[in-house]
A.B. asks: 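The structure's right below; bear with me while I get my questions together.
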Amino acid sequence: MRNEGGALFESSRAFAASTLLALLSVWLYRCMYLFCPSFLLTSTLNDHRIHNHGLVWIGMIAAEVWFGLYWILTQAARWNPIYRRTFKDNLTNRHEKELPGVDIFVCTANPTIEPPIMVINTVLSVMAYDYPSQKVSVYLSDDGGSDITFYALILGSTFDKHWIPYCKKFKVESPCPAAYFSTSVPPPAGSEEWASIRESYEEMKNRIQSVTDLGGISEELRLEHNEFTQWESFSSPHNNESKKENWTKCNDHRYFQENAYDLEERLKDLASCTFEKDTEWGNEVGLKYGCAVEDVITGLSIKYNGWKSVYYKPERKGFLGVAPTSLYPTLVQHKRWSGGDLQILLSKYSPDSSIIWFWKD
Ligand SMILES: O=c1ccn([C@@H]2O[C@H](COP(=O)(O)OP(=O)(O)O[C@H]3O[C@H](CO)[C@@H](O)[C@H](O)[C@H]3O)[C@@H](O)[C@H]2O)c(=O)[nH]1
């Protein structure tokens, strides 16, 4: 399916063309400096510059050449995208019985950057996916070990008993409660249910917000919810900074209702980070570890195994995330990505096989 509006598409081409022009100008300027210095500066001044700043200039040139090549390569996917659409009903009708089991991991690490209410909205929306419920397992990992996020999860586990049936009944397309209530009007035959579920959501949100504002869980709340006792026994010191890592399986209500012994044992195993020892985790199963851009390296290895990918950009956004909004975190993020990409380029997963001499293991 082609983009019918076209406007954004054209402007992104114009943007790409102007960036290319700027890039070529920078490269031209650097070439002139290197090869015809007299063209730019008087020789005395130029000698002075070469002697004092030669290495800095060479470093700058290398960075600009790398940035430019990297930018040109990334345009390939943006220049002429093909817009596709899916036929979900055909998938359900033809293949519902063969649909595979799916594990979904929601990861969080910092309750300030990723507020607990947002994390719970994410968990609730993936739990309400239009997918056979017995085939979906949702896990929440909290590397920050935040008791506020855990409290939010406890409240979310009560709210989901109303929210998921509601989503199924009214075929809710935005199963993230925050997104749904920010735009939706009551369904024609369900205004009472809509008002009641909205009230439950608001109540949950306010309770989470008030503990967030207080900055912690009071002793009274801890005693009210004995899940905290179990959670504290699962949490284990994670590294030298004594972070706690917590995995909680979200859509297994036995965890909250019956405290089944075997589930508890499995969760302890999961939280101890030893569950993947002597298994194919990280190789044949799950994400590849040990790289800052684990999704890129996992994607490459999936492709290497013969899977094909297609560009798909649905009109309604599939995911909304939190991106850095100021310079410092943006630079840190890009440094992490660049380091990860470079690591891949020099590894055996490199898409450029001419880098073969750097192959490890
Ligand atoms: O110790 C940590 C650090 C991060 N996270 C979570 O991991 C996700 C991504 O972290 P973020 O800080 O957003 O890292 P980015 O590098 O910006 O993540 C982007 O880039 C990654 C590498 O390409 C992708 O895996 C991510 O999906 C994508 O959001 C977030 O949910 C974090 O809460 C953890 O669970 N534990």
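Only a predicted model underlies this, so the values are computations on that prediction, with no experimental measurement involved. Atoms within a ligand are numbered from 1 in the order they appear, just like the ligands themselves.
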A.B. asks: Among all residues two or more places apart in sequence or in another chain, which pass the ring-ring contact (aromatic ring centres under 6.0 Å, His included) test with Tyr201?
C.D. replies: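 Per chain and number, Tyr201 pairs via ring-ring contact (aromatic ring centres under 6.0 Å, His included) with Phe159, Phe181.
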
A.B. asks: Answer yes or no: are there more than 12 heavy-atom neighbours, outside Lys168 itself, under 6.0 Å from its atom NZ?
C.D. replies: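 Yes, NZ of Lys168 has more than 12 neighbouring heavy atoms, counting only those of other groups under 6.0 Å.
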
A.B. asks: Hey, does Val296 come in under 3.5 Å of ligand 1, counting only N/O atoms on both sides?
C.D. replies: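 Between Val296 and ligand 1 (N or O atoms, distance only) the closest approach is not under 3.5 Å.
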
A.B. asks: Quick test of your reading of the structure: of Cys107, Gly144, Cys291, whose heavy atom lies closest to atom 35 (O) of ligand 1?
C.D. replies: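 Residue with the shortest heavy-atom distance to the ligand atom: Cys107.
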
A.B. asks: Verify the neighbour count for atom OH of Tyr70: are there more than 12 heavy atoms of other residues, nucleotides or ligands below 6.0 Å?
C.D. replies: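 Atom OH in Tyr70 is not packed in, count stays at 12 or less.
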
A.B. asks: Would you check the N or O atoms of Ser141, main chain and side chain alike, for any that come under 3.5 Å of an N or O of ligand 1?
C.D. replies: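 For ligand 1, there is no N or O atom that lies under 3.5 Å from one belonging to Ser141.
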
A.B. asks: With heavy atoms of Asp143 as the reference, note each atom of ligand 1 found under 4.0 Å away.
C.D. replies: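 Within the 4.0 Å cut-off of Asp143, ligand 1 contributes 1 (O), 2 (C), 34 (C), 35 (O), 36 (N).
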
A.B. asks: Between Gln209 and Asp213, is any side-chain donor less than 3.5 angstrom from a side-chain acceptor?
C.D. replies: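 Indeed, the side chains of Gln209 and Asp213 share at least one donor-acceptor pair under 3.5 Å.
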
A.B. asks: Run the numbers for me: atoms of ligand 1, each under 4.0 Å from some heavy atom of Glu294, listed by number.
C.D. replies: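 Those of ligand 1 that fall under 4.0 Å from Glu294 are 24 (C), 25 (O).
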
A.B. asks: Determine the interplanar angle of the Phe228 and His225 rings, folded into 0 to 90°, and report it as parallel if under 30°, tilted if 30 to 60°, perpendicular if over 60°.
C.D. replies: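 The rings of Phe228 and His225 stand perpendicular, inter-plane angle above 60°.
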
A.B. asks: Using the six-membered ring wherever Trp is involved, compare the ring planes of Tyr311 and Tyr83 and label them parallel, tilted or perpendicular (cut-offs 30° and 60°).
C.D. replies: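 Judged by the thresholds at 30° and 60°, the geometry between Tyr311 and Tyr83 is perpendicular.
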
A.B. asks: Answer yes or no: does an N/O atom from Ala292 fall short of 3.5 Å to an N/O atom of ligand 1?
C.D. replies: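 No.
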
A.B. asks: Hey, is Val293 touching ligand 1 through its side chain, its backbone, both or neither, going by heavy atoms under 4.0 Å?
C.D. replies: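 The answer is both, backbone and side chain.
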
A.B. asks: Any atoms of ligand 1 less than 4.0 Å from a non-hydrogen atom of Thr108? List them with their elements.
C.D. replies: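 Close to Thr108: 33 (O), 35 (O).
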
